[in-house]
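Notes follow the structure.
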Amino acid sequence: MAQTDLHIHSSLTAGSELSPRALAERCCEARLTLAALTDRRAVSGVPECIWRGAQLGVRIVPGVELDCRWREQALLVLG
């Protein structure tokens, strides 16, 4: 059975500790087969995460978390 997590942050998002490479390794340890790197306002870690994930058999999907406003309300949107 495939294990998936489509909302993961690396050290490029404040409060997260793992580098994109280490994050792919953690996904492998957790037996994830599909994961999305969705750092807040950053996509620069995606290539490294995809590269390491491919070596480990984890498919990494590029993503991003964006700050938005709608009717005076702050929102976070995954893309």
Side-chain angles (χ1 to χ4, degrees):
M1 179 193 265
Q3 297 294 320
T4 302
D5 189 336
L6 298 178
H7 188 187
I8 300 176
H9 297 293
S10 76
S11 57
L12 297 175
T13 296
S16 299
E17 298 178 7
L18 296 175
S19 69
R21 178 187 184 118
L23 185 66
E25 293 166 356
R26 178 69 58 87
C27 289
C28 181
E29 291 168 9
R31 299 178 191 249
L32 295 178
T33 55
L34 177 65
L37 178 58
T38 55
D39 281 316
R40 195 167 185 185
R41 296 182 306 261
V43 295
S44 59
V46 168
E48 180 181 14
C49 195
I50 289 174
W51 170 79
R52 185 64 177 138
Q55 292 178 328
L56 300 168
V58 180
R59 182 170 177 222
I60 304 294
V61 177
V64 67
E65 187 176 83
L66 300 171
D67 298 294
C68 299
R69 293 197 66 76
W70 184 72
R71 295 187 180 182
E72 305 298 322
Q73 185 172 359
L75 302 169
L76 294 175
V77 177
L78 290 178

Leu37, Val61: one ILVMFWY side-chain cluster at the under-4.5 Å cut-off? no
Is there a path of hydrophobic side-chain contacts, each under 4.5 Å between heavy atoms, that joins Leu66 and Val43? yes
For Leu12 and Gly45, work out which heavy atoms get closest and say how close. CD1-N, 3.3 Å
Of all the heavy-atom pairs spanning Ala35 and Leu6, show the shortest one and how long it is. C-CD2, 4.4 Å
Short question: side chain of [X], backbone of [Y] - any donor-acceptor pair under 3.5 Å?
| X | Y | answer |
| --- | --- | --- |
| Ser10 | Ser19 | no |
| His9 | Thr38 | yes |
| Thr13 | Arg40 | yes |

Do Leu76 and Asp67 come close enough that some side-chain heavy atom pair is under 4.5 Å? yes
Can you spot which of Val58, Ile60, Asp39 makes a side chain to side chain contact (heavy atoms under 4.5 Å, CB included) with Cys49? Ile60
Measuring from [X]:[atom1] to [Y]:[atom2], what's the distance to the nearest 0.5 Å?
| X | Y | atom1 | atom2 | result |
| --- | --- | --- | --- | --- |
| Ile50 | Gln55 | CD1 | CD | 13.0 Å |
| Leu18 | Leu23 | CG | CG | 6.0 Å |
| Arg26 | Leu56 | CZ | CG | 13.0 Å |

So does Glu48 pair up with Arg52, basic N to acidic O under 4.0 Å? no
